[in-house]
Amino acid sequence: MALHETKDVRAQDADTDVFTSTLSGQILPKYKIPEDHSPTEVVYELLRNELLLDGNAAQNLATFCTTWSDEGVHRLMNVCLDKNMIDKDEYPQTAEIESRCVNILADLWNAPAGTTAAGCSTTGSSEAAMLGGLALKWRWRARRRAEGLPTDRPNLVCGPVQICWEKFARYFDVELRQVPIEAGATGLQAHQLAQYVDENTIGVVAILGVTYTCDYEPVAEIAAELDRIQAEHGWDVPIHVDGASGGFVAPFLHPDVVWDFRLERVASVNTSGHKYGLAPLGVGWIVWRTADLLPADLVFNVDYLGGDMPTFALNFSRPGGEIIAQYYLFLRLGRAGYRRVQEACAETAQYLARQIADMGPFTLLYDGQGALPAVSYKLTDPDATPFNLYDLSDRLRMRGWQVPSYPLPADRDDTVIQRVLVRHGVTRDQMALLATDLRAAVEHLTATPPPAPAAAPRSGFHH
Ligand SMILES: *Cc1c(COP(=O)(O)O)cnc(C)c1O
């Protein structure tokens, strides 16, 4: 009897103790769905263990995306797990909250008073960029048609853009005119435009927080130059601001930088809610200055809210939770909260920049002041340094830090740089530890130089 009981207990344990379970004694199926089911706890623990092989998000200094979330976000995400934001009939309140977020962003970006904002949520800035680009293309084409002019060669002018704009250009058949970076510059400069803009230019993309260097492009100067070009040639070229990161930083840290709808030429702005907007992954935003800038035939109107709910998206079904979490964060933090968060990040980035500047071999490209809370730097004299930045990235990775090295885009592609993003949740102490590890890595690589310089850039650069 006693024996029998023990056996029962053991059999039961085998079902619930993760590491003596049947599934745990096997290599997990990789190509076929298993024949039978397994207990929740066992599968959960086994997968959680496997995921430990992923990089540690808190040490990922490569990504712009938030790795911070609070308890309220987790709880609301749980509540919203079954909400599909596209079903505006079933989830009218989620749709209403999306609309509030659009209006809040339009206000944050100084849209003209007394107008109703047009805009929507997206899966991220990439989808928002597609929508912004499409609106530019549609409006240019309508204008050209009305004038009886050809519409077969649209182009989009930009500086060192994120890959999403290259995708937009290819997917939607627009020539991408990428202006090379000049020596010493961190992005597109106004004086370069005249050479690239013409009657077929559907718009200019200005980036608020260049992916490579983290600096802002001078949107006001770009707008002034486009005013001048219009006066000279008659071409009225709108600006789309890619504020993937900066759209949530500049309004709080740099209210005097004029980059948004205060400039009449800025037709639309996108941002990633899941970057400095602090929402969980999977939400972006696009807002047009006024509703008329969004061509009616791109928009599908949904009227069940009593008002007018324009929807314009590439995707259909999408989770509603990120949108609710975004609104939660607006309410939870308020302007003052966002300002404190971004200020703390900027101060931490500037602290790290000072440490890096003091180490000796590095020259800062961007010191964390005036644009994104981030630092970018290069080797002052790569030829006289016994290691390169790829070696340094590898060395830091041994301590778990993910710090990407990559070449700048053309024409500065002979310059390799490293970039650290400071996001909410990255502490001063952590950056002090990183600085200590950087110093140790430099010392080690100087004392024991790698045999030959690592040749090609590694993958792992997160745009
Ligand atoms: C991150 C980023 C994007 C892409 O945004 P996702 O939200 O990842 O789709 C586009 N442009 C810039 C400048 C970015 O930093």
Side-chain angles (χ1 to χ4, degrees), residues 57 60-67 101 105 109 119-134 136 156-172 176 178-179 181 186-188 203-219 222 239-250 259-260 266 268-287 313-315 318-319 322-323 325-326 329 342 345 349 366 371-376 404 406 408-409 417 419-423 460-463:
N60 177 358
L61 303 173
T63 185
F64 289 83
C65 294
T66 192
T67 45
C101 289
L105 286 172
W109 297 334
C120 56
S121 69
T122 59
T123 45
S125 279
S126 300
E127 186 186 4
M130 306 295 148
L131 304 184
L134 278 169
L136 291 177
L156 181 68
V157 173
C158 62
V161 282
Q162 207 262 2
I163 192 83
C164 68
W165 292 101
E166 294 176 42
K167 287 185 179 178
F168 164 75
R170 199 172 303 168
Y171 295 169
F172 296 105
L176 194 68
Q178 256 185 303
V179 180
I181 311 190
T186 52
L188 178 65
V204 170
V205 176
I207 321 164
L208 212 63
V210 174
T211 310
Y212 299 87
T213 56
C214 305
D215 208 358
Y216 295 161
E217 287 181 337
V219 189
I222 288 169
I239 295 175
H240 173 95
V241 177
D242 180 351
S245 312
F248 270 106
V249 175
W259 63 274
D260 53 14
V266 172
S268 44
V269 176
N270 72 269
T271 196
S272 297
H274 55 225
K275 291 185 174 175
Y276 287 92
L278 303 175
L281 271 175
V283 64
W285 301 95
I286 177 153
V287 177
L314 301 183
N315 226 67
R318 188 147 55 78
E322 287 85 347
I323 293 165
Q326 183 78 78
L329 289 158
Q342 315 302 27
C345 290
Y366 172 65
L372 301 184
V375 186
S376 60
Y406 51 90
L408 287 177
I417 76 170
R419 182 191 71 191
V420 172
L421 268 315
V422 178
R423 306 176 306 270
F461 166 45
H462 289 245
H463 283 274

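Atoms within each ligand, like the ligands themselves, are counted from 1 in listed order.
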| said: Please check this pair: side chain of H240 against backbone of V205, looking for a donor-acceptor N/O pair closer than 3.5 Å. | reply: no
| query | Stepwise, does the side-chain contact (heavy atoms from CB on, under 4.5 Å) test hold for W259 with I239? | reply | CA-CA 10 Å; W259 63 274; I239 295 175; over 6 Å; no
| remark: For D242, the atoms of ligand 1 under 4.0 Å from one of its heavy atoms are 10 (C), 11 (N), 12 (C), 13 (C)
| request: Using a strict cut-off of 4.0 Å, indicate which atoms of ligand 1 neighbour a heavy atom of G124. | output: 7 (O), 9 (O)
| request: Enumerate the atoms of ligand 1 whose separation from the nearest heavy atom of I207 is less than 4.0 angstrom. | output: 13 (C)
| task | For ligand 1, indicate whether the residue C164 contacts it via side chain, backbone, both or neither (heavy-atom separation under 4.0 Å). | result | side chain
| query | What part of S125, side chain, backbone, both or neither, has a heavy atom within less than 4.0 angstrom of ligand 1? | reply | both
| Does the W109 side chain pair with the main chain of G247, one donor and one acceptor, at a distance under 3.5 Å? | yes
| task | Using distance alone, with no hydrogens and no angle criterion, decide if R423 and T67 have a side-chain donor and acceptor under 3.5 Å apart. | result | yes
| What do you reckon, does S126 have a nitrogen or oxygen under 3.5 Å from a nitrogen or oxygen of ligand 1? | yes
| query | Taking atom CG of L314 and atom OG of S126, what is their separation to the nearest 0.5 Å? | reply | 10.5 Å
| query | Out of E217, K167, Q162, M130, whose heavy atom sits nearest atom 4 (C) of ligand 1? | reply | Q162
| query | Hey, does W165 come in under 3.5 Å of ligand 1, counting only N/O atoms on both sides? | reply | no
| message | Take a 6.0 Å sphere around CZ of F172 and say whether it holds more than 12 heavy atoms from other residues, nucleotides or ligands. | response | yes
| field | Side-chain touch F168/L134, heavy atoms, less than 4.5 angstrom | value | yes
| request: Go through ligand 1 atom by atom and flag the ones less than 4.0 Å from a non-hydrogen atom of S272. | output: 5 (O), 6 (P), 7 (O)
| message | Test of understanding: given a 4.0 Å heavy-atom threshold, classify the contact between T123 and ligand 1 as side chain, backbone, both, or neither. | response | neither
| field | V241 side chain near D260 side chain, heavy-atom distance below 4.5 Å | value | no
| remark: Counting heavy atoms under 4.0 Å, the part of K275 that contacts ligand 1 is side chain
